[in-house]
Amino acid sequence: MHDNVILTGFMGTGKTTVGRLLAARLGCEFVDTDDLIVARAGRSVADIFREEGETRFRAREAEIAAELAGRRGLVVATGGRLMLDPDNAAALGATGPVFCLSAEPTDILTRVGAEADKRPLLSGDAPEARVRDLLHRRAAAYARFRPVETSGRAPEEVAEVIVALLAANLHESIPVRHPGGSYDVVVGENLLSDVPRAAGIDGPAAIITDDRVGPLHAAKIRMRKSGFNEPDTGSGPQKPGLSGVPILTMPAGERHKTLDTVRELYDGLLDAGLGRDATVIALGGGVVGDVAGFVAATYLRGVDFVLCPTTLLAMVDSSIGGKTGVDLPRGKNLVGAFKQPRLVSADIAALATLPADEFTAGMAEVAKHGLIADPVLWQRLMAEEWRIDPRRLANERLLRADLQTLVARAIRVKRDVVEEDPYESGRRAVLNLGHTFGHAVEQVSGYAIRHGEAVAMGLAAAAHLSAALGECSPSLPDQVEAGLARLGLPARIPPMLDPAALHAAMGSDKKKKAGRLRFVLIRDIGDIVIRDDVPAAAVMAVLERVRGDIAPAPSLRE
Ligand SMILES: NC(=O)c1ccc[n+]([C@@H]2O[C@H](COP(=O)([O-])OP(=O)(O)OC[C@H]3O[C@@H](n4cnc5c(N)ncnc54)[C@H](O)[C@@H]3O)[C@@H](O)[C@H]2O)c1
Ligand SMILES: [Zn+2]
């Protein structure tokens with residue numbers, strides 16, 4: 001018996017019509033929760049609302065959700081609010097993928113217009129304003145589910161879209177355009193084994209990974225190695241032309257993001273006899289991606305490049321935008337190149353082995369993306385529990401699905417920015433939100449503070465600076481600090497880091513323009529502004545103000 005397929009979404013998005021068509025296409029039983037409630041109560045939804053009250057109706061919904069969670073092989077169309085209840089969502093979401101149908105407010109009104117009297121939530125004046133208001137208020141809650149737009153599509157087409165998503169294992173493809181063409185960022189589960197096909201690799205290739213990620217995940221790319229440092233544990237059918245692919249393993253960690261590592265990797269590629277028709281496949285976090293990308297950009301003046309990010313940070317941040325490079329003894333990322341990948345394959349299932357504090361650190365960049373441009377993303381961070389042990393991802397389907405839609409949303413924010421500014425000449429500066437302070441914290445702590453934690457402190461500091469300069473409401477810094485704490489991230493700079501030293505370190509950041517410090521400031525969640533005229537005194541005042549140990553204390557790298 002296959003999983004259930006759950007449809008949710010606002011009224012008038014066609015859940016019942018589409019659900020029926022979908023069930024017919026999939027050859028399974030269709031259940032509409034409202035119909036079930038009406039049948040059992042012996043009266044209409046409107047009558048139940050009127051005579052028993054909304055609370056009783058919600059209780060009836062909860063009973064139905066619990067009951068259906070015990071069954072499989074169904075297509076379930078749910079009442080518009082049923083899946084907004086966390087218990088209902090947990091129960092039904094564990095039984096199969098959840099799609100959220102959406103539609104333009106005007107379409108919703110046209111579609112429900114005929115039966116508006118049966119829709120208790122729409123009775124009253126100004127129904128369109130009411131619809132917009134409700135959609136706005138539910139946006140974050142609905143955003144955790146896989147979106148399917150229905151406006152401009154007949155119900156048959158919507159069912160077709162869902163069938164296609166199911167057939168593609170629910171992978172989500174986010175196209176990224178750049179001056180030389182475009183590539184897809186694919187977000188999904190168990191993607192690694194499909195990388196050679198998805199990337200269209202039909203010639204020689206090499207996997208570059210590190211000594212932590214390689215043993216855990218390299219075999220999944222299903223390539224047979226040939227005498228390099230990793231044993232072949234690949235399973236499944238070997239594709240002709242893809243066997244014998246070497247796995248080149250670098251030591252894990254930022255301190256190996258160096259030209260020495262690059263040189264060793266060049267040697268590995270030469271030893272393997274790889275020519276200009278080769279593809280470099282990076283498998284790992286941002287360090288591996290940056291190093292392997294630089295190798296791909298420069299080996300024989302450039303070979304094809306595929307990225308398989310395995311940290312949250314690498315998925316939402318470093319894998320998008322084409323920046324690659326290595327550190328020099330005098331500073332981070334001082335040597336590099338732009339190198340666009342042919343494909344980015346972000347396998348949510350690979351995050352299950354990530355250490356918890358790496359996961360949390362990655363959440364700082366997700367939060368940054370919400371603050372830059374996506375209030376709904378920020379609301380989702382606040383509404384759901386993201387302080388999780390990544391190991392839960394191995395066996396919790398709803399959690400993986402939630403994380404997938406979150407990661408995809410965060411990727412879109414970065415995609416939109418880098419498409420506008422592929423070579424970092426302007427708009428990309430917005431991505432430095434929290435990073436001017438954050439880099440200083442990293443540097444002055446001697447890199448004892450993790451990047452994501454430093455960024456979190458930087459986001460809080462940026463919020464305080466924004467408030468001090470009158471760019472945002474005085475309550476915004478508290479909101480940002482509380483949000484970071486919720487994610488398990490520190491919002492205060494440890495007192496042992498001297499404000500004057502931090503201030504000096506900011507001046508040496510390479511993002512400085514024409515001698516003046518540029519700050520990305522927050523006007524509101526999802527709305528930022530860049531200012532070049534921030535007085536040094538205001539920055540110093542903020543550095544003094546955000547010192548302190550508030551839980552959770554930053555963990556230090558060993
Ligand atoms: N190119 C860009 O645009 C860009 C943007 C942001 C950051 N970066 C760079 O990214 C780097 C940081 O990336 P990061 O945070 O991913 O660090 P990382 O690559 O060092 O990974 C963190 C640790 O997690 C391990 N790891 C990775 N994936 C794992 C998995 N699935 N299971 C178990 N262990 C796993 C790694 O081996 C490493 O020890 C920095 O060097 C930074 O400069 C680049
Ligand atoms: Zn960052």
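Basis for what follows: all heavy atoms, side chains included, without hydrogens, waters or symmetry-related copies. One-based numbering along the sequence shown. Just follow the structure's listing: the first ligand is 1, and inside any ligand the first atom is 1.
Here's the thing with T353: one of its N/O atoms is less than 3.5 angstrom from an N/O atom of ligand 1. By the 3.5 Å distance cut-off applied to N or O atoms, K323 is counted among the residues near ligand 1. For A350, a nitrogen or oxygen atom sits less than 3.5 Å from a nitrogen or oxygen atom of ligand 1, counting backbone and side chain alike. Checked against a 3.5 angstrom limit, the closest N/O atoms of G286 and ligand 1 fall inside it.
Counting heavy atoms closer than 4.0 Å to ligand 1, residue L354 contributes atoms from both its backbone and its side chain.
Side-chain atoms of D347 and C308, non-hydrogen and from C-beta on, never get closer than 4.5 Å to each other. The shortest side-chain heavy-atom distance between K257 and D290 falls under the 4.5 Å cut-off.
Ligand 1 has at least one atom lying under 4.0 Å from a heavy atom of L216. Distances from ligand 1 to the non-hydrogen atoms of E365 include no value under 4.0 Å. Residue A361 places no heavy atom under 4.0 Å from ligand 1.
Those atoms of ligand 1 with a heavy atom of V213 less than 4.0 angstrom away are 26 (N), 27 (C), 28 (N), 29 (C), 35 (C), 37 (O). Near E358, with a cut-off below 4.0 Å to any heavy atom, the atoms of ligand 1 are 22 (C), 23 (C). In the vicinity of D317, heavy-atom distances shorter than 4.0 Å reach the ligand 1 atoms 5 (C), 6 (C). Here is the list of ligand 1 atoms found below 4.0 Å of a heavy atom in A252: 37 (O), 39 (O). Each of the following atoms of ligand 1 lies closer than 4.0 Å to a heavy atom of K257: 9 (C), 40 (C), 41 (O), 42 (C), 43 (O). Heavy-atom contacts of T310 reach the following atoms of ligand 1: 27 (C), 28 (N), 29 (C), 30 (C), 31 (N) (cutoff under 4.0 Å). Numbered from 1 in the order shown, with element, the atoms of ligand 1 that lie under 4.0 Å from a heavy atom of D210 read 36 (C), 37 (O). For ligand 1, the atoms lying closer than 4.0 Å to a non-hydrogen atom of E254 are 40 (C), 41 (O).
Remark: side-chain polar atoms of N432 are not paired, donor with acceptor, to backbone N or O of H435 under 3.5 angstrom.
One distance of note links CZ of R400 with OG1 of T405; it measures 13.0 Å at 0.5 Å rounding. With rounding to the nearest 0.5 angstrom, the CD1 atom of I411 is 4.5 Å from the CD1 atom of I320. Rounded to the nearest 0.5 angstrom, L465 CG and F437 CZ are separated by 5.0 Å.
Among T311, V326, D327, T324, the residue whose heavy atom lies nearest to atom 27 (C) of ligand 1 is T311. Taking only non-hydrogen atoms, the option from G362, S318, P355 nearest to atom 4 (C) of ligand 1 is S318.
Residue contact annotation: E365 places an N/O/S atom under 2.8 Å from the Zn ion (ligand 2).
For the residue pair Q404 and V187, the shortest heavy atom distance occurs at NE2-O, 3.4 Å.
Of the candidates R146, R409, R144, R144 is the only one forming a salt bridge (Lys or Arg N to Asp or Glu O under 4.0 Å) with D402.
Note on H451: its N/O/S atom closest to the Zn ion (ligand 2) is NE2.
With hydrogens and angles left out, the side-chain atoms of S425 and D421 include a donor and acceptor closer than 3.5 Å.
Within 6.0 Å of CZ on R391 lie no more than 12 heavy atoms contributed by other residues, nucleotides or ligands.
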Task: H178 and Y183: CA distance, side-chain angles, deciding distance, ring pair (Phe, Tyr, Trp, His ring centres under 6.0 Å) verdict - done: CA-CA 8 Å; H178 58 84; Y183 57 92; 5.7 Å; yes

